[in-house]
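Comments concern the structure below.
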Amino acid sequence: MARITAGVTTSHVPAIGAALDNGRSADDYWKPVFAGYEFSKEWIKAEKPDVIFLVYNDHASAFSLDLIPTFAIGVGERYEPADEGWGRRPVPTVEGHPELAWHIAQSVIQSNFDLTMVNRMDVDHGLTVPLSLMFGQPDAWPCKVIPFAVNVVQYPPPSGRRCYELGKALRKAVESFDADLNVQIWGTGGMSHQLQGPRAGLINAEFDNQFLDRLINDAESLSHVPHIDYVREAGSEGIELVMWLIMRGALEDRVNCLHRFYHVPASNTAVGHLILENTGNRT
Amino acid sequence: MALEKPYADVPGTIIFDADMSRKGYHLNQFCMSLMKAENRAKFKADERAFLDQWPMNEEQKQGVLTRDYNRMMAAGGNIYFLAKIFSTDGISFQDAASTMTGMTVDEYKQMMLNGGRSIEGNRYKENSNNG
């Protein structure tokens, strides 16, 4: 049986990808950001996940205003890094896991979450920057990835509650897959940031750290926080944090926090990062 | 009955809702076209001519030509779509964001290094009843 062993959350700031791609990761500005992932890179080397179910948002790359799916699961064989206006990131092609992805799609839709299935799409920094942060710069990504795109660009995004409950359905789906696979779930985006208008640059470290606390120990009540609270307290783009609740819903109620990191700033954004492990998965 | 907009009293912020999306459809789809290198080249060669191929209104076109991101947002632009314009210009997200705040690029950079814009005083519009 496949099982979800751990969850990872991380911000996916595009400038982090640019810093890596352009050889600036050792600069004074970026050093503390990458230092926060040193533990994580060692940890994941030892964990060797077979598949990462990667929750992220597309930033008007694969999905324009022509088509705006609320939840889209990648069921394809592979995905190329998107050209977001400055050329494609020089990172490996992302290999999918169509068999597991289709299994999850069927199971989750029959649990009343109406997903959009996508065979062909490019994946942008929202998906590739977390891979870079966790795996560095390999010639090929060391595992399969199922991209799961959440609409947080066009209002209204799905509620935190909906995301959390979707996570629970995902867990059931993975656990009913008849192959021995080590699956991780990642929730990306956030933390507080606002990229637009006169309020751009907003950071709310207190909100962010409470969010981290509650995501670990009090996710059930955290999932009831309404959209407006994210926008007001964490900035218009801070709403990305609802994606972390999908990750959390897919884990057990009690988890071990193996690693926690918070840093301001990376470009316009507060960087947050957690590694959470299911308590029941150790053999 | 009109849809509720609980975010209307957040200062300095435009939420990309149904009304903005309807208004900005062509502006945003023009931005999407800049994801192709050949379109970026055409746009750079003659911005006005490239824009005139899109059914955008003059306000939207002027916003693009003057790189006034607040103006583009007010005309229905969404920041992730507009990002294709400043990426085409080779400008970073941070530098582009700073242009919307009335601060210089350096002042904005320094504010971020100091921990970002404070939430205190930035939750509600001044004239709202909740502040």
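Chain identifiers are assigned alphabetically (A, B, ...) following the order of the sequence lines, protein sequences preceding nucleic acid strands; residue numbering begins at 1 within each chain. Quick caveat, the model's predicted, so the values are computed rather than measured.
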Using non-hydrogen atoms only, which part of Leu195(A) is less than 4.5 Å away from chain B: side chain, backbone, both, or neither?
both

Tell me if a side-chain donor or acceptor on Gln94(B) pairs with a main-chain N or O of Ala266(A) at a distance below 3.5 Å.
no

Top contributor to chain B interface from Glu84(A), Arg199(A), His227(A), Glu237(A) [non-hydrogen pairs under 4.5 Å]:
Arg199(A)

Of all the heavy-atom pairs spanning Met35(B) and Asp83(A), show the shortest one and how long it is.
CE-O, 2.9 Å

Spell out, as yes or no, whether a donor-acceptor pair under 3.5 Å connects the side chain of Gln196(A) to the backbone of Ala97(B).
no

Heavy-atom pairs under 4.5 Å with chain A are the metric here; pick the option from Met32(B), Met20(B), Lys109(B) that has the most.
Met32(B)

Apply side-chain contact (heavy atoms from CB on, under 4.5 Å) to Val153(A) and Phe81(B), showing your working.
CA-CA 10 Å; Val153(A) 172; Phe81(B) 289 81; 4.2 Å; yes

Does any backbone or side-chain atom of Phe207(A) lie under 4.5 Å from a heavy atom of chain B? Answer side chain, backbone, both or neither.
neither

Below 4.5 Å, heavy-atom pairs only: which of Ser87(B), Gly116(B), Ser92(B), Ala83(B) has the largest tally toward chain A?
Ser87(B)

Exam field: side chain Arg117(B) to backbone Ala200(A), donor-acceptor pair closer than 3.5 Å
yes

Where on Tyr108(B) is there a heavy atom nearer than 4.5 Å to chain A: the side chain, the backbone, both, or neither?
side chain

Does either side chain, that of Thr13(B) or that of Gln194(A), offer a donor lying less than 3.5 Å from an acceptor on the other one?
yes

Is the side chain of Gln29(B) donor-acceptor paired with the backbone N or O of Ser64(A) at a distance under 3.5 Å, no angle test?
no

Testing the 3.5 Å rule here: is there a donor-acceptor pair between the side chains of Tyr155(A) and Asn78(B)?
no

Part of Asn122(B) lying under 4.5 Å from any heavy atom of chain A:
both

In terms of heavy-atom pairs under 4.5 Å with chain A, the winner among Leu82(B), Ile14(B), Ile15(B) is Ile14(B)

With a 4.5 angstrom heavy-atom cut-off, is it the side chain or the backbone of Ser118(B) that approaches chain A, or both, or neither?
backbone

Can you tell which part of Leu34(B) gets under 4.5 Å to a heavy atom of chain A, answering side chain, backbone, both or neither?
backbone

Flag yes if more than 12 heavy atoms outside Glu206(A) fall under 6.0 Å of its CD atom; otherwise flag no.
no

Tell me if a side-chain donor or acceptor on Lys84(B) pairs with a main-chain N or O of Ala60(A) at a distance below 3.5 Å.
yes

Residue Met73(B) versus chain A: region with a heavy atom under 4.5 Å
side chain

Would you mind reporting whether Asp124(A) and Tyr80(B) have side-chain heavy atoms less than 4.5 Å apart?
no

Part of Met111(B) lying under 4.5 Å from any heavy atom of chain A
side chain

Report yes if the side chains of Phe93(B) and Thr269(A) come closer than 4.5 Å at any heavy-atom pair, otherwise no.
no

Which distance, rounded to the nearest 0.5 Å, do you find between the CG of Leu65(A) and the OH of Tyr25(B)?
7.0 Å

Inspect the contact between Arg123(B) and Glu233(A) and indicate whether a charged nitrogen and a carboxylate oxygen are less than 4.0 angstrom apart.
yes

Is the number of heavy atoms from other residues, nucleotides or ligands within 6.0 Å of CZ (Arg120(A)) greater than 12?
no

Should the heavy atoms of other residues, nucleotides or ligands under 6.0 Å from CD of Glu58(B) be counted, would the total exceed 12?
yes

Least distance between heavy atoms, Met112(B) atom then Val264(A) atom:
O-CG1, 4.1 Å

